[in-house]
Structures are given as C-alpha cells and as structure tokens.
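Worksheet: one structure, shown below.
Numbers here simply count residues along the sequence, with the first being 1. Values reported hereafter were calculated over all heavy atoms of this structure, with side chains retained and with hydrogens, waters and symmetry mates removed.
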Amino acid sequence: MEAKDVNPRSLGFLITDVARLLRADLERRVARAGLALTSGEARALVHAAAAEGARQTHLAERMGVEPMTLCGYVDRLESQGLVARQPHPQDGRAKIVTLTPQGREMIREIAPLLVAMLADATEGMSQAQIDALRAALEHMRARLTSDEG
C-alpha cells in the first residue's frame with residue numbers, strides 16, 4: 001500500500017473523526033452547563049452509572065482508556081463526592097465504583113446534554129438510518145472485541 005492509497009474519507013478515519021468531534025462537543029456542552037467536569041470525567045461518570053458496581057479495570061476497558069487514566073477521573077469524581085470506591089465483595093484487592101446521590105443527580109444533568117448532542121449529530125437522518133448505523137457499529141465492536149476479530 002502506498003501513501004496515495006490512504007484515504008482520510010475511509011470508514012476508519014470517519015469513525016475516528018466523529019468520535020473525536022463528539023467528545024469535543026460533549027466537553028463544550030458540559031462546560032456551557034457549568035457542571036465543573038471535563039468530558040473525560042463526564043464519560044467516566046456515565047460509564048460508572050451504566051455499569052454500577054463495576055471494577056475500575058472494567059470501566060477503563062469500557063471507556064477505551066488506560067487504567068491509570070480512569071483512576072485519575074475516578075479520583076477527581078470521588079473528591080467531588082460523585083462516586084465512591086468500595087472493596088469488591090469477592091476480591092478485597094479490587095475496587096468497585098458506585099455513584100453517590102450527588103453522582104446520580106449529576107447524571108440527571110448530563111443526560112439531556114447527551115440527548116441533545118446526538119440529536120444534533122443525527123439531524124436529517126431517518127430513524128431507519130440511525131438504527132442501521134447503530135447496528136453496524138455494534139457489529140464492528142463485537143468483531144473487534146471477539147477472540148476472532
């Protein structure tokens with residue numbers, strides 16, 4: 001493959017660009033809302049809510065970040081009273097992350113931002129197109145996370 005064969009409009013580049021743009025948009029929306037969170041912290045909080053009681057390592061995997069990056073997010077969320085670390089019930093060495101009541105309230109503030117962001121990003125697309133995009137991305141994720149991928 002030569003340099004001329006690399007296309008920045010390829011599916012891989014487009015997915016990467018859209019992910020980067022969505023993260024930047026979320027950061028702007030969180031900042032405008034005055035939530036005092038970075039987009040990474042907001043994402044960590046959303047993942048912690050979706051996987052309530054998950055190990056920190058599992059949250060890092062879900063987010064696609066290094067465990068130390070996630071640890072920094074959780075440290076800051078914990079210092080703000082939004083999450084708590086607790087020992088894992090079966091493995092005392094591991095920590096699980098749970099939302100506090102303040103964390104649940106913050107999720108209620110973040111949720112409309114996410115809905116608006118996705119509505120803006122998909123404006124002009126039919127529900128069938130959105131469903132097809134979701135199905136295609138879920139298929140790709142499953143292939144890339146399987147042992148066969």
Side-chain angles (χ1 to χ4, degrees), residues 10-149:
S10 71
L11 186 58
F13 275 102
L14 287 171
I15 290 171
T16 301
D17 275 352
V18 169
R20 177 184 53 79
L21 292 167
L22 285 172
R23 284 182 180 165
D25 190 27
L26 177 60
E27 188 154 342
R28 282 190 298 277
R29 290 172 191 265
V30 167
R32 264 190 255 132
L35 299 183
L37 294 174
T38 67
S39 62
E41 292 162 359
R43 287 178 51 241
L45 190 62
V46 168
H47 279 280
E52 182 73 31
R55 292 175 188 227
Q56 288 184 187
T57 53
H58 177 71
L59 292 177
E61 288 171 13
R62 282 179 61 109
M63 290 179 64
V65 299
E66 294 296 320
M68 288 306 297
T69 300
L70 185 272
C71 187
Y73 293 151
V74 173
D75 285 346
R76 291 187 296 278
L77 293 170
E78 190 173 39
S79 72
Q80 294 179 46
L82 301 175
V83 299
R85 286 182 174 106
Q86 300 171 348
H88 190 280
Q90 285 82 40
D91 181 357
R93 298 168 297 165
K95 299 288 185 194
I96 59 171
V97 179
T98 59
L99 268 65
T100 63
Q102 297 90 336
R104 291 186 207 301
E105 180 57 38
M106 184 63 77
I107 289 293
R108 286 190 282 280
E109 294 184 48
I110 293 170
L113 303 178
L114 294 171
V115 169
M117 179 183 71
L118 288 176
D120 288 347
T122 58
E123 185 176 335
M125 293 175 71
S126 70
Q127 189 60 51
Q129 289 173 312
I130 294 168
D131 292 344
L133 176 59
R134 178 180 291 110
L137 291 171
E138 286 175 349
H139 174 82
M140 291 173 70
R141 179 178 60 192
R143 294 284 305 144
L144 292 168
T145 57
S146 74
D147 291 338
E148 301 166 12

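Atoms CE and CG, from M125 and L118 in turn, are 10.5 Å apart once rounded to the nearest 0.5 Å. Distance check, rounded to the nearest 0.5 Å: CG of L133 to CD1 of I130 gives 8.5 Å. For the atom pair CZ of R104 and OG1 of T98, the computed distance is 7.5 Å after rounding to the nearest 0.5 Å.
Side-chain atoms of R55 and P67, non-hydrogen and from C-beta on, never get closer than 4.5 Å to each other. Using a 4.5 Å cut-off on side-chain heavy atoms (C-beta onward), E41 and L82 make no contact. Between H47 and L70 there is no side-chain heavy-atom pair separated by less than 4.5 Å. Using a 4.5 Å heavy-atom cutoff, the side chains of V97 and L77 are not in contact. By the 4.5 Å heavy-atom criterion applied to side chains, L22 and L26 are not counted as neighbours. For the pair V46/I107, a side-chain contact is recorded, criterion being any heavy-atom separation below 4.5 Å from C-beta on. Put simply, the side chain of T69 does not reach to within 4.5 Å of the side chain of M63, judged on heavy atoms. L113 places a side-chain heavy atom less than 4.5 Å from the side chain of L35.
Counting all heavy atoms, side chain and backbone alike, A84 lies closest to T100 at N-CG2, 4.1 Å. Nearest approach of A44 to Y73, heavy atoms of both residues: CB-CB, 3.9 Å. The two residues L45 and G103 have their closest heavy-atom pair at CD2-O, 4.1 Å. The nearest pair of heavy atoms linking A42 to V30 is CB-CG2, 4.2 Å. In plain terms, the two heavy atoms of P89 and I96 that are nearest each other are CD-CD1, 4.5 Å.
The side chain to side chain donor-acceptor pair (under 3.5 Å) analysis of residues 21-30, with sequence neighbours excluded, yields the pairs D25-R29, E27-S39, R29-D120.
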### Task
Kindly determine whether I15 and M140 satisfy side chain to side chain contact (heavy atoms under 4.5 Å, CB included), including the steps that lead there.
CA-CA 11 Å; I15 290 171; M140 291 173 70; 3.6 Å; yes
### Message
Between D75 and R85, is the side chain to side chain contact (heavy atoms under 4.5 Å, CB included) condition met? List the steps.
### Response
CA-CA 9 Å; D75 285 346; R85 286 182 174 106; 2.7 Å; yes
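Crowding of E123 atom CD: a count of heavy atoms from other residues, nucleotides or ligands under 6.0 Å not exceeding 12. Counting non-hydrogen atoms of other residues, nucleotides and ligands closer than 6.0 Å to CD of E66 gives a total of 12 or fewer.
Applying the side-chain contact (heavy atoms from CB on, under 4.5 Å) test between R141 and each of L144, T145, L137 identifies T145 as the sole match.
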